[in-house]
Protein chains: 2
Amino acid sequence: MARTAGSHSALTAPRIREAAQVLFAQQGFAAVSMRQIAAEVGVQVGALYNYTADKQSLLFDLMTAHLEDLLAALDARPLPEDPVAALEVFTRFHIRFHAERPDAVFIAYMELRNLTPDNFAAVEALRHRYEDRLTAILASGQQTGAFRIEDPRIATMAIIAMLTGVNTWFRQSGRLSLEDVEAIYWDMTRRMVAD
Amino acid sequence: MARTAGSHSALTAPRIREAAQVLFAQQGFAAVSMRQIAAEVGVQVGALYNYTADKQSLLFDLMTAHLEDLLAALDARPLPEDPVAALEVFTRFHIRFHAERPDAVFIAYMELRNLTPDNFAAVEALRHRYEDRLTAILASGQQTGAFRIEDPRIATMAIIAMLTGVNTWFRQSGRLSLEDVEAIYWDMTRRMVAD
DNA sequence: CCTTGATCTGAACAAGCGTTCAGATACAAC
DNA sequence: GTTGTATCTGAACGCTTGTTCAGATCAAGG
């Protein structure tokens, strides 16, 4: 019935997002309750509604924040003019960015079905913007003759699926460093499209 | 309170599995209720328990049936001795088999988190058996010099992620036939591992 | 110290969940 | 037609859900 001592919205808001992200990634959006998220944060369930309109908004905000960060981080890296060099930058960037946020990535790929149609459309638009960046690199390389690709759009889907697949098995504590993985996957990507 | 006219277990059992598969693929295991599945079949929720021990068993059975079908279908195809030819057979097989059962594939990849630890272990073992088949092809090719691969296990993960990714976009009604897609992906796969 | 606003608690609400099971009807065999 | 079995219905059980909101406490400012 009372405010928790030491409570402060600047602390609680990020803790809610973090708790939601971990639990959604571990168990899935529909399987996790708002009460579980609240317990993880250390508040009662009613407190969550000071920070999110509802459960659906919480998921949508997590997904769009991740995708907007992804796009912003990519935009912050000027891609080389040379398509081969640009593809290498993109490949390493994708692997590293995704490996550093496994929960957010997992949610962004796995929880699309739990979005309402409007939210789904908004998230798809962001995903397409990201995919378009790679398609542009591939189309440019196809045009200059640096790449031999039948269809840049399909090659985009293939490359992103392969690169994102790293997250299903890569562990920082594994026998390969992230640098090793980047090198191996860059080699495979390069050969996939090389003339 | 009474038996439905025309009811017959040989009809109801497959209908329950089919309804569960479609709904689990569309909405996710946790978001779908047993009542929804029953409604789709045309029975009351209590009737489902003549055919499945519980909701978790229903999911587990769908997943293992799919993976066992996958392994059996692969076993039914003698792979060529030549690693390159074997890899082509595997690639085309994987794409076709998966494209023909999008819901089952989707569930097998997306609903792992909803399995109990024991069930998860059993399903993982089946997935590893399938992955091992590709690793064996790649290791053989690496040994004979037909492939230049740094790590057959990682190449396996990369290839399967890429091939399974086809299911996220391919539609039978799309501008490309399944044959076209097989050809494009075989070309990319071959180049990824070629010496 | 008092006042105001911030931030939470705690319980309620309406609805739904997975699972069980007594009993009713349909079906098949004689 | 009778009997036994199959297959379901329908309701109950214990529990949980997402969301709301009146009110209690904490924090900050004057």
Side-chain angles (χ1 to χ4, degrees), chain A residues 1-21 23-24 26-63 107 111 113-119, chain B residues 1-21 23-24 26-63 107 111 113-119:
Chain A
M1 196 63 87
R3 175 176 175 166
T4 302
S7 62
H8 192 284
S9 67
L11 296 174
T12 308
R15 287 176 69 192
I16 290 173
R17 288 193 296 274
E18 285 153 20
Q21 184 162 278
L23 291 170
F24 287 162
Q26 280 174 355
Q27 303 176 34
F29 174 80
V32 168
S33 68
M34 294 295 265
R35 285 167 177 76
Q36 280 178 269
I37 295 170
E40 186 71 26
V41 175
V43 296
Q44 294 280 323
V45 65
L48 300 186
Y49 293 88
N50 290 320
Y51 301 91
T52 184
D54 53 28
K55 194 183 182 191
Q56 168 78 193
S57 297
L58 188 47
L59 175 67
F60 178 67
D61 291 345
L62 285 174
M63 294 177 90
I107 291 168
E111 302 297 350
R113 291 173 297 175
N114 286 299
L115 292 172
T116 60
D118 285 349
N119 286 344
Chain B
M1 195 62 82
R3 175 173 175 166
T4 303
S7 60
H8 192 285
S9 66
L11 297 173
T12 309
R15 287 176 68 191
I16 290 172
R17 287 194 296 273
E18 285 153 20
Q21 184 163 276
L23 290 170
F24 287 162
Q26 280 175 356
Q27 303 177 35
F29 174 79
V32 169
S33 67
M34 294 296 264
R35 283 165 177 76
Q36 280 178 268
I37 297 170
E40 185 71 25
V41 174
V43 297
Q44 294 281 321
V45 65
L48 299 185
Y49 292 86
N50 289 319
Y51 300 92
T52 184
D54 54 26
K55 196 183 180 191
Q56 169 77 194
S57 299
L58 188 47
L59 175 66
F60 179 67
D61 290 345
L62 285 174
M63 294 177 90
I107 291 169
E111 301 297 349
R113 290 173 299 174
N114 286 301
L115 291 171
T116 59
D118 284 350
N119 286 345

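Order of the sequence lines sets the chain letters (A, B, ...), proteins ahead of strands, with each chain counted from 1.
- Rounded to an integer number of Å, the gap from CG of B:L59 to P of C:dG18 is 13 Å.
- Taking 4.5 Å as the limit, every side-chain heavy atom of B:I16 sits out of range of all side-chain heavy atoms of B:V43.
- Atom OH of A:Y49 and atom P of C:dA11 are 18 Å apart (whole Å).
- In this structure, CD of B:Q44 is placed 17 Å from P of C:dT19, rounded to the nearest angstrom.
- In this structure, A:Q27 places its CD atom 11 Å from P of D:dT17, rounding to the nearest Å.
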*Check step by step if salt bridge (Lys or Arg N to Asp or Glu O under 4.0 Å) holds for B:E111 and B:K55.*
CA-CA 13 Å; B:E111 301 297 349; B:K55 196 183 180 191; over 6 Å; no

What N/O pairs connect the protein and nucleotides 4-7 of chain D at under 3.5 Å? Give each pair on its own line.
unit_1	atom_1	unit_2	atom_2	d
D:dA6	N3	B:R3	NH1	3.1
D:dT7	OP1	B:S9	N	3.2
D:dT7	OP1	B:S9	OG	2.9
D:dT7	O4'	B:R3	NH1	3.4
D:dT7	O3'	B:S7	OG	3.4

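- Atom NZ in B:K55 sits about 16 Å away from atom P in D:dT16, given to the nearest Å.
- In this structure, B:R35 atom CZ and C:dG16 atom C1' are separated by 7 Å, rounded to whole Å.
- Formation of a donor-acceptor pair under 3.5 Å by the A:Q36 side chain with backbone atoms of A:L23 is not found in this model.
- The shortest distance between side-chain heavy atoms of A:I107 and A:Q21 falls below 4.5 Å.
- The residue among A:V32 and A:A47 whose nearest nucleotide of DNA chain D lies closer to the 5′ end is A:V32.
- Protein atom CD of B:Q36 is 7 Å distant from nucleotide atom P of C:dC17, rounded to whole Å.
- Where B:A5 and B:A31 each meet DNA chain C at their nearest nucleotide, the meeting point lying more 5' is that of B:A31.
- Taking all atoms of both residues into account, the shortest heavy-atom contact from A:G6 to A:L11 is O-CD1, 4.4 Å.
- Spacing between atom CG of A:D54 and atom P of C:dA14 amounts to 20 Å, rounded to whole angstrom units.
- Under the 4.5 Å side-chain criterion, counting only non-hydrogen atoms from C-beta, B:I37 is in contact with B:F24.
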